[in-house]
Amino acid sequence: MEHVTVSEEPSAALMYHVERPVFSEGYIDSELLHRKKRTSKSLQRRIAEHLRCSSEKAKSVVFGFLPILTWLPSYPLKQYLFGDIVSGISTGVMQLPQGLAYAMLAAVPPVFGLYSSFYPVLLYTFFGTSKHISIGTFAVISLMIGGVAVREAPDSMFAVNGTNASQVVDFEARDARRVEVVVALTTLVGIIQLVLGLLRFGFLAIYLTEPLVRGFTTAAAVHVSVSQIKYLLGVHTARFNGPLSVVYSLDAVFRNIASTNVVTLIIGLVCTVFLYIIKDLNERFKKKLPIPIPGEIIVVIVSTGISYGMVMSENYGVEVVGKIPTGLLPPKIPDFSVFPNLFPDAFAISVVGFSIAISLAKTFALKHGYSVDGNQELIALGLCNFMSSFFHTFVVTASMSRSLVQESTGGHTEIAGLLASILVLLVVVAIGFVFQPLPTTVLAAIIMVNLLGMFKQLKDIPALWRTSKIELAIWLVSFFASVLLGLDYGLVVAMGFAILTVIYRTQCPKNALLGQIPDTGLYFDVDEYEEAEECSGIKIFQSNTSIYFANSDLYVSALKAKVRPNKQMDHVYTNGQMNENHTESDSEDDFFLQRLTPIHTIILDFTPVNFIDSVGAKCIKSVSQQLLFPKKTLEDRLVRSGLIH
C-alpha cells in the first residue's frame, strides 16, 4: 500500500511524504504483473485484414485523400466567405508578379511562372490539409530548378554556328529545351513526393532540422541575390551553376560592369526603394491596415505603363519580359528520357520543397488550433507537381511571404487559395499580353526585396551561440557549404554534418557526479552548483546518453575518471572484451593496499539512459563485478600476485 500525505505550513515549502513497500523485480514479474496472451496472426491473415474493405474504411480513405470533403459541406458562408475573398484577392495580386519573377530564377520564360501560379494552387484546394499556406512559386525552389535547367541545356548547346566564339545563341530553341527539362523535373519531383507520401514517409522532414533549413535558405538567398545583380544592372553574363557559382557570377558581373545600362539601373533602384518602403509600412501598420498595400502589383503596373509609353526596349535598350502568349497551352507528355540525369536533383528538391511547406503548415496550424497531416501534405504536393507538369508548370511549394499575407488578410480556408488561382487564370487568359513591356529589372527588384526576410535569419547566429553551439555549427556548415558548393551539394553536406552531430552527442555526452542539495531530495552536478554536496562514501555518476557499442568504452572511461583514485577499476571490459591495464612492474602490494578507500558505494544514475545494447550491458556488468572487488575476485588476484597461497 502506498501512502501519500501532504504537509502545508505557511513558513515552509510544500512537502510530500511517500511510503510504499520495496518490490523486487522477481516479485513484480511473478505476482503483480501478468502479460496478456496474444495470438500471433499469420502473414496471410494480416494482409487479408489490411485489404478488407468496409463502408467505414472506404469513407475514411476517401476523406483522408480528399480533405476538402471534411470541411466544405460545413463551410460557414457568413463568417468565412468575406475574409476568404479579401485574402484570395490580396494573395492573387501578390502571386502575379512573383510568378513572373521566379520564372526567371527557374530559367524559363515568365509566362510559365503564371501557369505554375494557377494549376498547383487549384489542385491544393482539394488535396491539402493546411488552411493558410499559399502554394505556388518560391525563390529557393525556383533557383534549384534553374540550376538544373542551365546544366542540362546550357547556352553552348544552342550556339548558332556551333561554337562559343561569336556568343550568338538561339534563345528560342534554348528556352524550349529548358522548359522540357524543367517540366520533366517537375514530373519526377511529383512522383517522388507522391510515393513518399503513400509510403508514409512524412516524418522525413524531421531530418532537416530547423538550423539546417534556415542556414540553407539563407544561402539560397545569397545565390538568388547574386543571380539578380545582372538584371538590376542591365549587363549580359552567362549563368553559372555548381561549386563556386556565386564567385564566378560576381566575377562575370564585375568584368562587365562598364556596360551597365544606366536607365535599367535607375528603374531597378527606384523600384527596390519603393518596395522596401511599402514592405516596411505594411509591417509597421499591419494592425491598422485592413489589407497590405500591394506594392508589387503597383510597381508592375506603373513600370509596365512607363516602359510601354516610352518604348524603353527600343529607345534605351532596357530588357523587357517579351512575348507572353494569351490563354493556356494544351497538355503535353513530359520527356521521360531525361529522368536518369534528373533523379538526384529531383529527390533533393522534393525533400526541400516538402520541408518548407510542412514547417509553414505546422506553424499556422499551431497558431489557429488545427492539425495538418504530414503524409497527406506529401501526397498533396506530389499530386500538385505531377498533374500540373502536364500543363507546363515547374515545381512549387509554400511561399512564406504570400502565406503571411493570406493569413493576415483574413483567410480562413483553402477557398482563399482557390480565389487567388482564379485571379491568375483571368490574367493569363485575358490580359497576359499587357505585361510584355515589363522591364526585367523590376522583377529583379521584387525578388531581392522579398529576400529580406531570409537575410534576417542571420540573426540566428548570436542566438544559437548563446543556446547551442552544435546547432550553430549545423547552421554555419549548411550556409557556407550551400554558398560555396551550390545548393545541391551544400544540402548533402549539411545533412551529413547534421547526422554526424547526432553521433557526436552520443560520443561526447555530459558526465557528472551528482551531489545533494542540503535538506532536499534534489541532486545536481557538484562541479556546476555550489550547493550540491556529495554524500560521504557515495559517488553518484550520471551520463546523459544511451549506452551502446559505439560509446560503451567512453562511458566506462568517464566513470573511471570521475571516481578516481580507484585503480581497481582499470580491470574492466573494453567493448565486451576483458583486458588488464596495470603492468607486472606495478607494485602488487601498493595496488591491493589502495583497495582501502572511503568510497563504499557507487550509484549509476540511468535516468537519461534510453537504451543499453548487449555490449553496453557487458561493460556495466564488468564494472559492477570489478568496481568494488567482490571477495572471490580479490582472492583470485591475491593468489595470482603471490601474496597468499
Side-chain angles (χ1 to χ4, degrees), residues 43 46-47 49-51 57 60-68 70 120 123-124 126-131 133 135 138 140-141 144-145 148 184-217 334 339-340 342-366 370-389 394-398 474 478 487-503:
L43 178 62
R46 288 200 298 266
I47 294 175
E49 289 181 355
H50 183 73
L51 297 178
K57 188 172 183 180
S60 175
V61 170
V62 171
F63 276 63
F65 187 69
L66 287 169
I68 190 173
T70 62
L123 290 169
Y124 186 81
F126 297 91
F127 299 105
T129 60
S130 176
K131 301 176 182 179
I133 63 172
I135 293 295
F138 186 57
V140 175
I141 299 298
M144 296 178 74
I145 296 167
V148 177
L185 177 66
T186 305
T187 306
L188 189 54
V189 168
I191 292 172
I192 292 172
Q193 290 178 330
L194 186 58
V195 170
L196 290 177
L198 292 173
L199 294 177
R200 322 304 288 175
F201 270 74
F203 67 89
L204 194 64
I206 65 175
Y207 290 99
L208 292 178
T209 178
E210 185 181 4
L212 185 151
V213 172
R214 292 174 73 86
F216 177 79
T217 52
F339 273 20
L342 304 181
F343 185 82
D345 304 283
F347 188 83
I349 293 172
S350 301
V351 175
V352 173
F354 170 65
S355 177
I356 293 170
I358 195 63
S359 61
L360 279 174
K362 287 183 176 179
T363 299
F364 287 117
L366 184 64
Y370 63 92
S371 61
V372 292
D373 184 346
N375 294 310
Q376 181 59 31
E377 285 298 297
L378 254 179
I379 293 172
L381 282 175
L383 288 171
C384 288
N385 286 315
F386 176 73
M387 297 173 67
S388 299
S389 66
F394 55 84
V395 183
V396 297
T397 187
I474 294 174
S478 178
L487 297 180
D488 45 3
Y489 294 120
L491 179 63
V492 173
V493 171
M495 291 183 68
F497 183 79
I499 293 172
L500 287 177
T501 62
V502 176
I503 299 173

A.B. asks: Run the side-chain hydrogen bond (donor to acceptor under 3.5 Å, both in side chains) test against Thr397 and tell me which residues pass, sequence neighbours left out.
C.D. replies: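 Per chain and number, Thr397 pairs via side-chain hydrogen bond (donor to acceptor under 3.5 Å, both in side chains) with no residue.
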
A.B. asks: Show every donor-acceptor pair shorter than 3.5 Å between a side-chain atom in residues 377-386 and any protein atom, with sequence neighbours excluded, or say none if there are none.
C.D. replies:
unit_1: Glu377; atom_1: OE1; unit_2: Tyr124; atom_2: OH; d: 2.8
unit_1: Glu377; atom_1: OE2; unit_2: Tyr124; atom_2: OH; d: 3.0
unit_1: Glu377; atom_1: OE2; unit_2: Thr129; atom_2: N; d: 2.7
unit_1: Glu377; atom_1: OE2; unit_2: Thr129; atom_2: OG1; d: 2.6
unit_1: Asn385; atom_1: OD1; unit_2: Val396; atom_2: N; d: 3.0
unit_1: Asn385; atom_1: ND2; unit_2: Gln193; atom_2: OE1; d: 2.9
unit_1: Asn385; atom_1: ND2; unit_2: Leu381; atom_2: O; d: 3.1

A.B. asks: Rounded to the nearest 0.5 Å, what separates atom CG in Leu66 from atom CD in Gln376?
C.D. replies: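 Between Leu66 CG and Gln376 CD, I get 8.0 Å after rounding to 0.5 Å.
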
A.B. asks: By ring pair (Phe, Tyr, Trp, His ring centres under 6.0 Å), which residues pair with Phe127, not counting sequence neighbours?
C.D. replies: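 Only Phe65 meet the ring pair (Phe, Tyr, Trp, His ring centres under 6.0 Å) criterion with Phe127.
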
A.B. asks: Between Phe343 and Ile192, is the side chain to side chain contact (heavy atoms under 4.5 Å, CB included) condition met? List the steps.
C.D. replies: CA-CA 9 Å; Phe343 185 82; Ile192 292 172; 3.8 Å; yes

A.B. asks: What residues form a side chain to side chain contact (heavy atoms under 4.5 Å, CB included) with Val195, not counting sequence neighbours?
C.D. replies: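 Scan of Val195 (side chain to side chain contact (heavy atoms under 4.5 Å, CB included), adjacent residues dropped) gives Ile191, Leu199.
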
A.B. asks: List for me each residue that meets salt bridge (Lys or Arg N to Asp or Glu O under 4.0 Å) alongside Asp345, sequence neighbours excluded, and say none if there are none.
C.D. replies: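 Asp345 satisfies salt bridge (Lys or Arg N to Asp or Glu O under 4.0 Å) with Arg151 once adjacent residues are dropped.
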
A.B. asks: Which residues pass the ring pair (Phe, Tyr, Trp, His ring centres under 6.0 Å) test with Phe201, sequence neighbours left out?
C.D. replies: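 Only Phe203 meet the ring pair (Phe, Tyr, Trp, His ring centres under 6.0 Å) criterion with Phe201.
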
A.B. asks: Is the shortest heavy-atom distance from the side chain of Val492 to the side chain of Asp488 under 4.5 Å?
C.D. replies: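 A side-chain contact under 4.5 Å is absent here.
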
A.B. asks: Identify, with sequence neighbours excluded, every residue that meets side chain to side chain contact (heavy atoms under 4.5 Å, CB included) alongside Ala184.
C.D. replies: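 For Ala184, the residues satisfying side chain to side chain contact (heavy atoms under 4.5 Å, CB included) (neighbours in sequence not counted) are Val338, Phe339, Leu342.
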
A.B. asks: Sort and list the pairs that fulfil side chain to side chain donor-acceptor pair (under 3.5 Å) and have at least one residue in residues 347-360, not counting sequence neighbours.
C.D. replies: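 Residue pairs with at least one partner in residues 347-360: there are none.
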
A.B. asks: More than 12 heavy atoms of other residues, nucleotides or ligands under 6.0 Å from CE of Met495: yes or no?
C.D. replies: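 For Met495, atom CE is crowded (more than 12 foreign heavy atoms under 6.0 Å).
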
A.B. asks: Which residues satisfy the side chain to side chain contact (heavy atoms under 4.5 Å, CB included) test with Thr209, sequence neighbours excluded?
C.D. replies: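 Expected list: Pro211, Leu212, Ile474.
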
A.B. asks: For Thr187, enumerate each residue passing the side-chain hydrogen bond (donor to acceptor under 3.5 Å, both in side chains) test, keeping only those at least two apart in sequence or located in another chain.
C.D. replies: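 Residues passing side-chain hydrogen bond (donor to acceptor under 3.5 Å, both in side chains) with Thr187: Ser389.
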
A.B. asks: Specify the closest pair of heavy atoms between Phe216 and Ser478, including all atoms of both residues, with the distance to one decimal.
C.D. replies: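 Shortest heavy-atom contact: N-OG, 3.1 Å.
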
A.B. asks: In chain order, what residues pass the side chain to side chain contact (heavy atoms under 4.5 Å, CB included) check against Thr70, with sequence neighbours excluded?
C.D. replies: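 With sequence neighbours excluded, Thr70 shows a side chain to side chain contact (heavy atoms under 4.5 Å, CB included) to Phe63, given in chain and number order.
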
A.B. asks: Once ring pair (Phe, Tyr, Trp, His ring centres under 6.0 Å) is applied, do any residues pair with Tyr370, and if so which ones, sequence neighbours excluded?
C.D. replies: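 Expected list: His132.
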
A.B. asks: In Å and rounded to the nearest 0.5 Å, what is the CD1 to CD1 distance from Ile141 to Ile356?
C.D. replies: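 Here the rounded value is 4.5 Å.
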
A.B. asks: Could you give the distance from CG (Leu491) to CZ (Phe347), rounded to the nearest 0.5 Å?
C.D. replies: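 Leu491 atom CG to Phe347 atom CZ measures 9.5 Å (nearest 0.5 Å).
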
A.B. asks: Quick one: closest heavy-atom pair of Ala398 and Leu360, and the distance?
C.D. replies: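 Between these two residues, the closest heavy atoms are CB-CD1, 3.8 Å.
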
A.B. asks: What closest approach, in Å, do Pro120 and Ser388 show between heavy atoms, and which atom pair accounts for it?
C.D. replies: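 Closest approach of Pro120 to Ser388, heavy atoms only: N-OG, 3.3 Å.
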
